[in-house]
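Values below: all heavy atoms of this structure, side chains included; hydrogens, waters and symmetry mates excluded. Everything quoted here is computed from the prediction, not taken from an experiment. Here is the naming used below: chain letters follow the sequence lines, and residue numbers restart at 1 for every chain.
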Number of protein chains: 2
Amino acid sequence: MLPYKELARLDKLIHEPARLAVLTALSACTLAEFLFLQELTGLTKGNLSSHLTKLEKGGLVVIDKHFLRKKIPQTTVRITADGRAAVERHWKQLQSIYQTIQQQGAHSPQNSR
Amino acid sequence: MLPYKELARLDKLIHEPARLAVLTALSACTLAEFLFLQELTGLTKGNLSSHLTKLEKGGLVVIDKHFLRKKIPQTTVRITADGRAAVERHWKQLQSIYQTIQQQGAHSPQNSR
DNA sequence: AATAACCAGTTTGCTATATAAACTTCATTC
DNA sequence: GAATGAAGTTTATATAGCAAACTGGTTATT
């Protein structure tokens, strides 16, 4: 596909900054705690919560809510295999699009100067 | 700044796919026609129009509406110096964030596995 | 010469999104 | 035992993104 078209059609579930941060963080570990993710990304709790829900609905992460010592609630999140592949693909896609455009460089297109 | 925080706080005016496509296309030329941009990005007219308006309000592009042979309306767009700097910075920022995260690699953070 | 079709965009209306404040549930402290 | 705090979730709101419908003009058709 043409690089600019590809750029304009990037998957927004992944591309959105907060979620790209979360997914990229998650892809660096097998498991992360909610509060840890919050600290890492600087998102508010509410915000992080709804982004995680969106990612889970998209099948990119799995959320596990449980209790420590049957008392303290703890939410942990892991990225799925699909999720891991998708983030990696996204970063590679960004790189490759940018590279393609850089290479064309001088070759300035019709109807533009 | 921590890379994940930086990621989560990316400038959305620039990061949004359609606008990143437009800005990146514009930064490769001094001037582009509306219809050409539309073809290049695959956006609908309405969509492109509102994104351009947003970019103009943000001072990243300048829109010029005029008539060819005093008859045919034509809208051309140029990126501003600020705009050009901002897109370039954005791409570099993405690269640098990704690189930083890649390097940390094995060093898996606290509260995660 | 009237009208139909077309072109280049803009505006409108709708749906979806992102965000933080308020709320919930339980645990610990005073 | 009232109050404070922790860990999230839900709600409310304001904004965003999108395409369909619209506008103002031009060219083609009958």
Side-chain angles (χ1 to χ4, degrees), chain A residues 4-5 7-23 26 31-58 60-78 110-112, chain B residues 4-5 7-23 26 31-58 60-78 110-112:
Chain A
Y4 298 110
K5 236 171 216 170
L7 207 37
R9 290 178 188 177
L10 286 172
D11 183 345
K12 282 181 206 147
L13 181 59
I14 297 173
H15 193 66
E16 195 282 327
R19 288 189 298 262
L20 187 57
V22 168
L23 286 172
L26 285 174
L31 178 72
E33 295 174 15
F34 183 96
L35 290 176
F36 174 65
L37 272 180
Q38 199 207 330
E39 196 187 352
L40 211 59
T41 58
L43 297 167
T44 61
K45 290 167 186 208
N47 212 343
L48 176 57
S49 176
S50 56
H51 282 304
L52 286 177
T53 302
K54 223 158 262 182
L55 289 173
E56 189 174 42
K57 278 181 185 161
L60 302 180
V61 307
V62 173
I63 301 175
D64 175 36
K65 295 166 193 182
H66 59 269
F67 291 83
L68 295 180
R69 292 170 32 237
K70 299 188 178 176
K71 290 189 162 183
I72 299 162
Q74 192 188 43
T75 299
T76 57
V77 189
R78 357 179 146 239
Q110 245 97 31
N111 299 318
S112 71
Chain B
Y4 299 109
K5 236 171 216 170
L7 207 38
R9 291 178 187 177
L10 286 172
D11 184 346
K12 283 182 203 147
L13 181 59
I14 297 173
H15 193 65
E16 195 282 327
R19 288 189 299 262
L20 187 57
V22 168
L23 286 172
L26 286 174
L31 178 72
E33 294 174 15
F34 183 97
L35 290 175
F36 174 64
L37 272 179
Q38 200 206 330
E39 197 188 351
L40 210 60
T41 58
L43 298 167
T44 61
K45 291 169 187 206
N47 213 341
L48 176 56
S49 176
S50 57
H51 281 304
L52 285 178
T53 302
K54 224 160 262 184
L55 289 173
E56 189 174 43
K57 278 181 185 160
L60 302 180
V61 308
V62 172
I63 301 175
D64 175 36
K65 295 165 193 181
H66 58 270
F67 291 83
L68 295 180
R69 293 169 33 236
K70 299 188 177 177
K71 289 190 163 184
I72 300 162
Q74 192 189 43
T75 298
T76 57
V77 189
R78 352 178 151 242
Q110 245 95 33
N111 300 319
S112 71

Scan nucleotides 15-18 of chain D against the protein and return all N/O pairs shorter than 3.5 Å with their distances rounded to 0.1 Å.
from, atom 1, to, atom 2, distance (Å)
D:dG17, OP1, B:Arg19, NH1, 3.3
D:dG17, OP1, B:Arg19, NH2, 2.9
D:dG17, OP2, B:Arg19, NH1, 2.6
D:dG17, OP2, B:Lys54, NZ, 3.0
D:dG17, O3', A:Lys12, NZ, 3.3
D:dC18, OP1, A:Lys12, NZ, 2.2
D:dC18, OP2, B:Asn47, OD1, 3.3
D:dC18, OP2, B:Asn47, ND2, 3.4
D:dC18, OP2, B:His51, NE2, 3.1
D:dC18, O5', B:Asn47, ND2, 3.1

- Message: In whole Å, I'd like the distance from the NZ atom of A:Lys65 to the C1' atom of D:dG8.
- Response: 8 Å

- Pairwise distance CG(A:Leu60) to CG(A:Leu55) - rounded to 0.5 angstrom: 5.5 Å

- Rounded interatomic separation in angstrom, taking CG from A:Leu20 and C1' from C:dT17: 17 Å

- Set of residues satisfying side-chain contact (heavy atoms from CB on, under 4.5 Å) with respect to B:Lys57, sequence neighbours excluded: B:Thr53

- Message: Is there a side-chain contact between A:Ser49 and the phosphate of D:dT9, meaning an N or O under 4.0 Å from OP1 or OP2?
- Response: yes

- Message: Output the rounded distance in Å from CG (B:Asp64) to P (C:dG9).
- Response: 11 Å

- Item | B:Leu13 CG to B:Leu23 CG distance, which is reported to the nearest 0.5 Å | 7.5 Å

- Hey, what do you get for CZ (B:Arg9) to CG (A:Leu43), rounding to the nearest 0.5 Å? 9.0 Å

- Query: Any chance the side chains of B:His51 and B:Asn47 put a donor and an acceptor closer than 3.5 Å?
  - Reply: yes

- d(CD1, A:Ile63; P, D:dT10) in whole Å: 11 Å

- Task: Could you tell me the separation between the CG atom of B:Leu55 and the P atom of C:dT10, rounded to a whole number of Å?
- Result: 13 Å

- Could you list the residues that satisfy side chain to side chain donor-acceptor pair (under 3.5 Å) with B:Gln74, not counting sequence neighbours? B:Glu33, B:His66

- Message: Once rounded to the nearest 0.5 Å, what's the spacing between atom CD of B:Glu39 and atom NZ of A:Lys5?
- Response: 7.0 Å

- Measure the angle between the two terminal helix axes of the helix from C:dA1-D:dT30 to C:dC30-D:dG1, five base pairs each, and quote it to 10°. 20°

- Message: Would you say that B:Val77 contacts B:Leu31 through its side chain, given a criterion of any heavy-atom pair below 4.5 Å between the two side chains?
- Response: no

- Interatomic distance, B:Leu52 CG vs C:dA8 C1' [rounded to whole Å]: 13 Å

- Message: Measure CG/A:Leu13 against C1'/C:dA16 and give the value in whole Å, please.
- Response: 13 Å

- Query: To the nearest angstrom, how far is A:Leu35 atom CG from D:dG5 atom P?
  - Reply: 16 Å

- Query: Heavy-atom distance under 4.5 Å between the side chains of B:Leu37 and B:Leu26, does that happen here?
  - Reply: yes

- Query: OP1 or OP2 of D:dA6 less than 4.0 angstrom from a side-chain nitrogen or oxygen of A:Lys45, does that happen here?
  - Reply: no

